[in-house]
Amino acid sequence: MTGLQQFRATDIETAEEEAHTLESILVSGDRDFVITNGGAKVQVSDLLGKNILLYLSAFQSSSCHILLPKVVQAYHENKAKDEAFEVIFIPIERDHATFEQYFSRMPWLALPFGDQRISSLLTKLEIRDVPELVALGPNGQIITKEGRSLLEAYGMDTYPFTDDHIEDMVNSWAEKLQHTLHCHELQLTLRVSYICRSCWITGYVWVYFCQKCHFSLHPSCVLREGTYLIRR
Ligand SMILES: [Zn+2]
Ligand SMILES: [Zn+2]
């Protein structure tokens, strides 16, 4: 494929993703609602205009259990700042009791257990593995299907997940700094993946890194703790 063809293929893909609406993603026939933890129905039309995160997850997966507390924290922090933020759990569950148990730990909305819309949604969004977070804009357009790695790379500051916001955020980070957890200067660096020596969780993309010792810290861990000095 030539560069130009590739460019055009990407363009078409982007156009298709932008063409999604909240209804085309979440409504099928008379199935036009999501549910609350108490089992009440919320119409999909009532969610128009919101910034939505689809949380695709399965109780059986240990990665889902690791991600859940981060999404719960992101939910509370973002909800306090932005009423128009919502999370919808898309359950990939085998039995109803498991769904009930898992959903009871989530303070947000869900598609009902076993709903026919779940498998068509997985196909539409081309989801191959869970957990995943898909961010939708106010009209249902797909902002990103890689919300999980963005949340893991950048923490809560990623919201609302748009390219412009992420670029501004990265530009605001110091290029070099000194952190109390390490004796050498750390440089803002791009790496495929690493283990953060503050929280011991895998990080992706951006890292505060010491080349000499291969010491890595998540930018979100560095900035949250505030225990650093900026080097210019
Ligand atoms: Zn960390
Ligand atoms: Zn070092």
Side-chain angles (χ1 to χ4, degrees), residues 10 13-14 16-18 20 22 25 47 50-58 61-82 84-90 92 106-109 121-122 124-175 186 188-209 216-225:
T10 315
E13 226 167 72
T14 309
E16 279 172 1
E17 290 185 356
E18 281 174 356
H20 281 296
L22 199 57
I25 292 173
L47 300 171
K50 299 205 174 207
N51 291 309
I52 293 176
L53 259 190
L54 300 178
Y55 173 59
L56 301 108
S57 182
S61 149
S62 58
S63 315
C64 292
H65 289 266
I66 295 168
L67 184 66
L68 181 60
K70 291 183 200 167
V71 185
V72 171
Q73 192 184 351
Y75 176 81
H76 289 304
E77 286 186 15
N78 287 335
K79 198 78 178 165
K81 285 185 271 183
D82 183 4
F85 171 64
E86 199 49 78
V87 177
I88 302 172
F89 171 39
I90 311 298
I92 322 294
M106 302 175 197
W108 48 68
L109 305 167
L121 193 145
L122 292 176
K124 250 180 250 175
L125 299 178
E126 297 171 319
I127 301 294
R128 290 177 191 91
D129 198 14
V130 291
E132 191 49 275
L133 292 164
V134 176
L136 305 178
N139 300 316
Q141 75 274 28
I142 296 171
I143 305 282
T144 180
K145 291 193 274 190
E146 284 157 22
R148 175 193 175 185
S149 45
L150 287 172
L151 190 74
E152 283 173 340
Y154 305 123
M156 262 54 84
D157 297 336
T158 314
Y159 182 76
F161 295 91
T162 56
D163 290 345
D164 285 352
H165 173 75
I166 290 166
E167 200 181 315
D168 287 351
M169 181 181 69
V170 172
N171 286 338
S172 75
W173 293 342
E175 265 176 55
L186 303 176
L188 188 61
T189 309
L190 279 169
R191 300 201 71 202
V192 175
S193 72
Y194 59 91
I195 301 288
C196 170
R197 300 283 287 274
S198 173
C199 66
W200 298 97
I201 291 172
T202 306
Y204 306 90
V205 196
W206 288 107
V207 54
Y208 277 108
F209 188 58
S216 302
L217 290 174
H218 285 126
S220 57
C221 282
V222 168
L223 301 170
R224 185 173 52 242
E225 287 156 13

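All of these numbers come straight from a predicted model, not from anything done at the bench.
- Listed by chain and residue number, Met169 satisfy the side chain to side chain contact (heavy atoms under 4.5 Å, CB included) test with Asp157 (two or more places apart in sequence, or in another chain).
- No more than 12 heavy atoms of other residues, nucleotides or ligands sit less than 6.0 Å from atom CD of Glu146.
- Within 6.0 Å of CG on Asp163 lie no more than 12 heavy atoms contributed by other residues, nucleotides or ligands.
- Annotation: side chain of Ile127 is not in contact with side chain of Ile90 (no heavy-atom distance under 4.5 Å).
- Gly147 and Glu132 get closest at one heavy-atom pair: N-OE1, 3.6 Å.
- Under the 3.5 Å distance criterion, the side-chain polar atoms of Thr144 are left unmatched by any main-chain donor or acceptor of Phe161.
- Under the 4.5 Å side-chain criterion, counting only non-hydrogen atoms from C-beta, Trp200 is in contact with Ile195.
- Under the 4.5 Å side-chain criterion, counting only non-hydrogen atoms from C-beta, Pro107 is in contact with His76.
- Residues Leu188 and Tyr208 have side chains in contact (heavy-atom distance under 4.5 Å, counting atoms from C-beta outward).
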* **From CA spacing to verdict: side chain to side chain contact (heavy atoms under 4.5 Å, CB included), Leu133, Leu150** => CA-CA 9 Å; Leu133 292 164; Leu150 287 172; over 6 Å; no
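- The shortest non-hydrogen separation linking Ile201 to His218 is O-CE1, 3.3 Å.
- Val130 approaches Cys64 most closely through the heavy-atom pair C-SG, 4.1 Å.
- Taking 4.5 Å as the limit, some side-chain heavy atom of Leu109 sits within range of a side-chain heavy atom of Leu47.
- Side-chain contact check for Ile92 versus Leu122: some heavy-atom pair is nearer than 4.5 Å.
- By the side chain to side chain contact (heavy atoms under 4.5 Å, CB included) test, Ser193 is found to be paired with Thr202, Tyr204, residues two or more places apart in sequence or in another chain being considered.
- Side-chain contact check for Ile143 versus Leu136: every heavy-atom pair is 4.5 Å or farther apart.
- With a 4.5 Å cut-off on side-chain heavy atoms, Tyr194 and Leu217 do not count as touching.
- Note: Phe85 and Tyr159 meet the aromatic proximity criterion, with ring centroids under 6.0 Å apart.
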